[in-house]
Amino acid sequence: PFQQPCNAMKVSGGTAAFFHVRYLPGKEPPGVDPAFYLGKDLAHATDEFEFYEKLLAVRHSDPAWARFSKVAMECPGVALMEVSLGAGSMGEKRELLLLENMR
């Protein structure tokens, strides 16, 4: 349901590349901004992926984690997306960790 390729975001610091993720027109859930998510290159975000995976598992069994999960960034998982790293870049597929865009 997302536009591809996803263009690289201009960010400084860290080793992971971030990408703009936008729903295709009309494919976003009702009331959700088309740019609700951003993508983080999973090759440099495996610790974060494991954290969100564990959070999903415990939030239903522990009230403290349930409360925390309500204020944590939303993370629906990983998507294989075509990305563009800049002008003249050929599209390539990367696994992106989808995270709530906190802009």
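Numbering starts at 1 and runs along the sequence shown. Note that the structure is predicted; figures quoted are calculated from it, not measured.
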Leu96 side, atom CG; Glu82 side, atom CD - distance, nearest 0.5 Å: 11.0 Å

Contact summary for Ala8 and His20, nearest pair of heavy atoms: O-CD2, 3.8 Å

Residues Phe36, Glu74; criterion side chain to side chain contact (heavy atoms under 4.5 Å, CB included); working and verdict: CA-CA 10 Å; Phe36 186 77; Glu74 186 174 323; 3.6 Å; yes

Tyr52 and Met73, any side-chain heavy atoms less than 4.5 Å apart: yes

Exercise: identify the closest heavy-atom pair between Leu98 and Pro76: O-CD, 3.4 Å

Hydrophobic cluster membership, Val71 vs Phe51, 4.5 Å side-chain cutoff: yes

Inter-residue atom distance Thr46.OG1 - Glu95.CD, 0.5 Å rounding: 11.0 Å

Cluster overlap Val21 with Leu24, hydrophobic side-chain contacts below 4.5 Å: no

In one Ile/Leu/Val/Met/Phe/Trp/Tyr side-chain cluster, 4.5 Å: Val78, Leu99: yes

Verdict with supporting geometry, Leu55 and Phe68, side chain to side chain contact (heavy atoms under 4.5 Å, CB included): CA-CA 9 Å; Leu55 179 59; Phe68 176 76; 4.0 Å; yes

Atom pair CZ/CD of Arg22 and Gln3 - distance to nearest 0.5 Å: 6.0 Å

Euclidean distance, Lys70 NZ relative to Trp65 CH2, rounded to 0.5 Å: 15.5 Å

Where Ala66 and Arg59 come nearest, the two heavy atoms and their spacing: CB-O, 3.2 Å

Interatomic spacing from CZ in Phe2 to NZ in Lys27 - rounded to 0.5 Å: 12.0 Å

Separation between CG of Leu38 and CE of Met9, rounded to the nearest 0.5 Å: 5.5 Å

Nearest heavy atoms of Pro5 and Ser84, plus distance in Å: CB-N, 4.0 Å

Flag if over 12 foreign heavy atoms under 6.0 Å of NZ, Lys93: yes

Heavy-atom pair of closest approach, residues Leu97 and Cys75: CD1-SG, 3.5 Å

Candidate pair Asp33 and Arg103, rule salt bridge (Lys or Arg N to Asp or Glu O under 4.0 Å), full reasoning: CA-CA 12 Å; Asp33 186 289; Arg103 57 167 168 46; 3.1 Å; yes

Leu42/Phe49 under side chain to side chain contact (heavy atoms under 4.5 Å, CB included): CA gap, chis, key distance, verdict: CA-CA 8 Å; Leu42 185 62; Phe49 174 69; 3.7 Å; yes

Aromatic plane relationship, Tyr37 with Tyr23 - under 30° parallel, 30 to 60° tilted, over 60° perpendicular: tilted

Leu85 and Arg94: CA distance, side-chain angles, deciding distance, side chain to side chain contact (heavy atoms under 4.5 Å, CB included) verdict: CA-CA 11 Å; Leu85 299 172; Arg94 293 212 183 162; 3.5 Å; yes

